[in-house]
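What follows is a short report on a single structure.
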2 protein chains.
Amino acid sequence: MAEARDGTVGKALDVLDRVAAAGGPVRFSDLLEDGPYPKATLYRLLQTLTSQGMLSHDAELGTYTLGVRLVRLAHKAWSQASLAPVAHEWLDRLSRETGEAVHLAQLDGAQVLYVDKVNTALRVDMFSATGRVGPSYCTGLGKAMLAFLPDAELDQALGQQSYHRFTDATLTTPEALRAELAHIREAGVAYDREEHEPGIICIATPILSRGGRILGGLSITSTTARRSLDDLSQLAPLLLDTRAKIESDIHAWRFPEDGPRLRTVPT
Amino acid sequence: MAEARDGTVGKALDVLDRVAAAGGPVRFSDLLEDGPYPKATLYRLLQTLTSQGMLSHDAELGTYTLGVRLVRLAHKAWSQASLAPVAHEWLDRLSRETGEAVHLAQLDGAQVLYVDKVNTALRVDMFSATGRVGPSYCTGLGKAMLAFLPDAELDQALGQQSYHRFTDATLTTPEALRAELAHIREAGVAYDREEHEPGIICIATPILSRGGRILGGLSITSTTARRSLDDLSQLAPLLLDTRAKIESDIHAWRFPEDGPRLRTVPT
DNA sequence: AACAAGGTTTCAAATAATGGAACCGTTTTC
DNA sequence: GAAAACGGTTCCATTATTTGAAACCTTGTT
């Protein structure tokens with residue numbers, strides 16, 4: 001767990017992360033043991049966060065959990081993000097055309113953060129997928145995004161991977177990964193060859209801004225039971241076409257007719 | 001917009017809310033105008049929030065938007081909440097049994113916060129519903145929850161309603177609302193008689209803890225085109241049954257076999 | 001009855017936040 | 001083309017908040 005560096009606010013957010021990391025209701029003493037904060041400090045941070053609705057405190061059990069204000073904020077974050085809401089319709093379409101699950105992700109530090117998932121066949125279980133994080137060195141989406149990261153950021157990201165060997169196909173060294181990323185940069189698409197989970201394969205591509213900045217990634221996921229890698233590669237044109245559509249929409253959205261920005265009036 | 005009272009952390013979170021309230025990318029100067037913070041202070045708050053990933057700053061456009069860290073945190077918040085994940089399967093079932101949309105909500109201050117939505121027929125568009133807030137004085141869920149609030153909290157909540165007349169059926173005074181709440185307390189279920197939106201009706205019930213504390217609310221929504229209010233009231237037993245199932249699961253979940261709490265080990 | 005554990009409060013010292021003003025790079029105006 | 005306005009960033013002495021050791025409750029335990 002990274003130490004906070006941004007004064008009181010950083011510490012408060014760090015505590016928030018620690019509550020999130022606990023995976024369930026935590027007691028004061030749990031946080032006290034695991035964290036670097038003295039009793040009184042932690043106590044006040046928790047009080048502040050609770051009074052702000054970022055945490056909720058169960059007085060009966062004496063436990064803290066993440067608060068509802070986060071859900072409200074995240075809803076706004078998602079619906080106001082430039083990528084996810086704009087891309088949603090296109091994901092839907094791509095999923096219908098291919099009959100496969102389609103994922104949209106963004107880089108969150110060195111990790112992959114899934115921001116949308118569409119799957120025609122199965123029941124959509126969106127919140128459980130949206131917000132989930134995964135490793136970037138061994139997923140199609142992760143590699144696709146890493147491949148287009150500026151050198152400095154790539155170096156940093158590569159240094160933060162665990163390189164855990166999930167399967168026999170997992171790339172477990174920065175060197176192997178760098179070589180793979182070079183291929184991806186040329187090809188424009190990345191593959192997950194069962195590197196994260198046996199039987200799960202995917203084809204992915206990054207989504208870039210006009211300026212070449214990496215905004216996110218788009219992938220089509222399948223299983224070895226349904227498709228081969230070659231099969232998947234046939235979907236590349238569809239994938240890249242969808243990517244182009246999304247990039248074009250994003251640009252239109254970000255520079256709406258070059259007019260002055262509308263300000264919403266509080267009601 | 002409420003002023004912050006919790007020191008620096010409160011101010012930072014207030015700024016976060018202001019960015020959320022803007023409804024899209026905001027520039028520094030927009031926030032400066034609308035908010036009570038002096039230039040330098042606002043600048044540092046934004047820097048801190050950005051460096052913490054709670055905001056993201058688009059250097060090209062000079063705008064701020066809500067950051068991805070929020071989405072990550074909210075995912076955790078939702079999946080660790082005591083109500084939503086536990087209730088989800090039951091909502092699913094209730095929706096299948098009735099063929100109608102089923103909502104799960106919690107009170108967030110004086111507002112209704114939707115935390116889950118299930119709809120068999122239409123495509124599930126979950127993130128767009130989850131996290132959304134609505135008024136409590138003119139929705140079935142809102143009234144169901146208000147009706148079981150302790151006096152002190154109810155007084156506060158009633159004072160914070162807008163009492164805007166959305167439709168002819170909207171209750172527009174605290175007095176009318178109090179009378180309605182008394183009925184609801186007796187009946188155990190609340191109805192939305194097109195009070196918020198013409199053509200939209202619903203039947204709702206609160207979800208309570210063992211101790212009588214209000215945890216959330218559950219509703220079945222329909223349209224006047226499909227069902228009458230009498231029709232809806234036929235569904236009360238199913239609704240109350242589902243409520244009982246959820247309450248029972250919650251209790252089991254919150255006191256897992258009375259054993260010591262498991263601590264997750266960071267990997 | 002004494003003890004321990006888990007929380008809460010106090011208070012002087014240490015630290016971080018504050019915000020007016022100056023600064024700097026662009027863009028607009030005259 | 002000079003000057004002023006704008007939008008954002010940095011400085012720094014002052015001020016207010018945060019800090020955390022220790023004392024103190026409250027509740028459950030030996």
Side-chain angles (χ1 to χ4, degrees), chain A residues 2-19 22 24-52 54-65 67 211 254-255 258-263, chain B residues 2-19 22 24-52 54-65 67 211 254-255 258-263:
Chain A
E3 292 297 312
R5 303 145 292 99
D6 277 314
T8 317
V9 175
K11 274 172 216 150
L13 295 176
D14 178 52
V15 168
L16 212 56
D17 267 348
R18 286 171 191 277
V19 174
V26 253
R27 277 168 308 166
F28 178 84
S29 49
D30 296 330
L31 292 166
L32 188 59
E33 269 182 52
D34 299 353
Y37 307 108
K39 229 197 224 186
T41 302
L42 179 65
Y43 179 71
R44 264 174 291 105
L45 286 173
L46 287 173
Q47 280 220 141
T48 303
L49 288 169
T50 303
S51 109
Q52 289 288 330
M54 301 296 280
L55 290 179
S56 85
H57 179 64
D58 186 325
E60 291 170 45
L61 295 166
T63 56
Y64 292 88
T65 39
R254 292 220 311 163
F255 304 91
D258 283 18
R261 169 151 303 286
L262 281 170
R263 298 282 301 113
Chain B
E3 293 295 313
R5 305 144 290 101
D6 276 315
T8 318
V9 175
K11 274 173 217 151
L13 295 176
D14 178 54
V15 169
L16 213 55
D17 267 348
R18 286 171 190 276
V19 174
V26 254
R27 278 168 307 170
F28 178 81
S29 48
D30 296 330
L31 292 166
L32 187 59
E33 268 182 54
D34 298 353
Y37 307 108
K39 232 195 222 188
T41 301
L42 179 64
Y43 180 71
R44 263 174 292 105
L45 286 173
L46 288 172
Q47 280 218 142
T48 303
L49 288 169
T50 303
S51 110
Q52 290 288 331
M54 302 296 281
L55 290 178
S56 85
H57 179 64
D58 186 326
E60 292 171 45
L61 295 166
T63 57
Y64 293 88
T65 38
R254 292 220 311 167
F255 305 90
D258 285 18
R261 170 152 301 288
L262 280 169
R263 298 282 302 115

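Below, read A as the first sequence line, B as the second, and so on, with proteins coming before strands; counting in each chain starts at 1.
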Residue pair [X] / [Y], side-chain heavy-atom distance below 4.5 Å:
X: B:Asp14; Y: B:Tyr37; answer: yes
X: B:Asp17; Y: B:Leu13; answer: no
X: B:Val15; Y: B:Leu42; answer: yes

Which heavy atom of [X] sits nearest a heavy atom of [Y], and at what distance?
X: B:Val9; Y: A:Ala12; value: CG2-CB, 3.7 Å
X: B:Gly24; Y: B:Thr65; value: C-CG2, 4.4 Å
X: A:Leu46; Y: A:Phe28; value: CD1-CD1, 3.6 Å

Query raised in the report: Under 4.0 Å between a side-chain N/O of A:Lys11 and OP1 or OP2 of C:dA16, yes or no?
Result: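 The answer is no; no side-chain N or O of A:Lys11 sits under 4.0 Å from OP1 or OP2.
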Query raised in the report: Within the structure, does a side-chain N or O atom of B:Thr41 lie under 4.0 Å from either OP1 or OP2 of C:dG19?
Result: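 It does, given that an N or O in the side chain of B:Thr41 lies less than 4.0 Å from OP1 or OP2 of C:dG19.
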Please tabulate, one pair per line, each protein N/O and nucleotide N/O from nucleotides 4-8 of chain D that are separated by under 3.5 Å, including the distance.
residue : atom : partner : partner atom : Å
D:dG8   : OP2  : B:Ser29 : N            : 3.0
D:dG8   : OP2  : B:Ser29 : OG           : 3.2
D:dG8   : N7   : B:Lys39 : NZ           : 3.0
D:dG8   : O6   : B:Lys39 : NZ           : 2.9

Requested in this report: Kindly compute the distance separating CG (A:Leu16) from CE (B:Met54), expressed to the nearest 0.5 Å.
Outcome: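 These two atoms lie 6.5 Å from each other.
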Check nucleotides 25-30 of chain D for protein N or O atoms closer than 3.5 Å to its own N or O atoms and list the pairs.
none

Query raised in the report: Who pairs with A:Thr48 by side-chain hydrogen bond (donor to acceptor under 3.5 Å, both in side chains), at least two apart in sequence or on another chain?
Result: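 A:Thr48 satisfies side-chain hydrogen bond (donor to acceptor under 3.5 Å, both in side chains) with no other residue.
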